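I have placed the structure first, in the form of structure tokens, so that the comments after it can refer back to it.
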Number of protein chains: 2
Amino acid sequence: MEPRKRLIVDMDGVLADVYQQFINFEKRELGNTILLEDLNGVDEVKAFPNGEKHVRQKDFFRTAPIISGAQETLKQLHKKYDVFIVSAAMEFPNSLQEKYYWLEEHFPFISWKQIVLCGYKTVVQGAIMIDDHFKNLDYFEGRTLLFTQPHNSSTHEHSHERVNNWEEIKRLLL
Amino acid sequence: MEPRKRLIVDMDGVLADVYQQFINFEKRELGNTILLEDLNGVDEVKAFPNGEKHVRQKDFFRTAPIISGAQETLKQLHKKYDVFIVSAAMEFPNSLQEKYYWLEEHFPFISWKQIVLCGYKTVVQGAIMIDDHFKNLDYFEGRTLLFTQPHNSSTHEHSHERVNNWEEIKRLLL
């Protein structure tokens, strides 16, 4: 039997819908209405000028919505691949526990052994990486899947395979 | 100029003196006196039957003593190597923030970008790993340094280089 391939899966923007959460916090905390359709091709920092404040607020990560299809497809991928969830969380120490408990609640089949909270992702290795940021995919040695998010949507991508949703990931990897 | 080699450094048992902290908690919490010299060759779980309880107590990791020489030598290594601190912390979610703040206090030259809190360490790659556990070193592809701790002290080591203290690490790597 061939060894299972290691699959590295990002959290924010791939499992957790941080765009929707930023929009929710802008509305709730500051009364601002931000429309998702206005954010295509806009850098995240420009899209959410108060983002730095929101990510440090209690429950920002703990109550983030789940990206559609992630639960069902990741559960299937987990049976076939050696899945690791890798999140660049270290910049926001308050997010560490929140991210752990969020995964425990929504992805209970993922064990603590499979979770990596880090700074730079250059230190992780695997066969396949799914991420929405070039800064992570560009340094990865294996196969790279770029998950579409508004900040990367207008880039004509050549060096990574683009996936627009979890349905497409399912078709590619299962 | 050659690229800097990536050096993976463990926390518990290499930077943080968890043996002394277990002894401190046993005394403080339960009134038990445990002598370090009685623990040579004894598995950690057997050495500290209440260890599982202590590691879940508040401040166990936050107030851990520092292993002698670690601060000075790691600061020098940090100038020469691409240092990552990698700790298998995920089993104890309460430890995540404590470990971050412990590093920030005692190793302020280490940035959040260089910290990895994970489950299994098989997912990290680098040129050199310093660790006190075979379960981590055995799966690492680069050069492996076994840091002496009572639980591994009576093993005749052949597949990894043994280092007994930070002075020896300094001589080997600087």
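Any value given below was found using the heavy atoms of this structure, including those in side chains, with hydrogens, waters and symmetry copies removed. Labels below follow one simple rule: chain letters A, B, ... track the order of the sequence lines, proteins then strands, and each chain is numbered from 1. In this text the structure is predicted, and so the values were computed from the model without any measurement.
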For this session: Inspect the surroundings of OH in A/Y101 and state if more than 12 heavy atoms from other residues, nucleotides or ligands are less than 6.0 Å away.
Result: yes
Exercise. Are any of the side-chain heavy atoms of A/V116 and B/Y120 separated by less than 4.5 Å?
Worked result: no
Problem set entry | Nearest-0.5 Å distance, NZ of residue B/K113 to NZ of residue A/K121 | 15.5 Å
Problem set entry | Interatomic spacing from CG in B/L96 to OG in A/S95 - rounded to 0.5 Å | 9.5 Å
Exercise. Quick check: are there more than 12 heavy atoms from other residues, nucleotides or ligands sitting under 6.0 Å from OH of B/Y139?
Worked result: no
Exercise. Is chain B contacted by the side chain of A/I85, its backbone, both, or neither, given a heavy-atom distance below 4.5 Å?
Worked result: neither
For this session: Report, as yes or no, whether the 6.0 Å neighbourhood of atom NZ on A/K53 holds more than 12 heavy atoms from other residues, nucleotides or ligands.
Result: yes
Exercise. Which atoms of A/T122 come close to chain B, meaning under 4.5 Å heavy atom to heavy atom: side chain ones, backbone ones, both, or neither?
Worked result: both
Problem set entry | Heavy-atom neighbours of B/K5 NZ exceed 12 at 6.0 Å | no
Problem set entry | Within 6.0 Å of CD in A/E105, more than 12 heavy atoms from elsewhere | yes
Seminar exercise, completed: Among A/I115, A/V124, A/D82, the residue with the most heavy-atom pairs under 4.5 Å to chain B is A/I115
For this session: Find out whether B/Q125 and A/V123 are in side-chain contact, i.e. whether some heavy atom of one side chain is under 4.5 Å from a heavy atom of the other.
Result: no
Exercise. Are any non-hydrogen side-chain atoms of A/M90 and B/L117 less than 4.5 angstrom apart?
Worked result: yes
Exercise. Out of curiosity, does A/V86 fall in the hydrophobic cluster containing A/Y100 (side-chain heavy atoms, cut-off under 4.5 Å, transitive links)?
Worked result: no
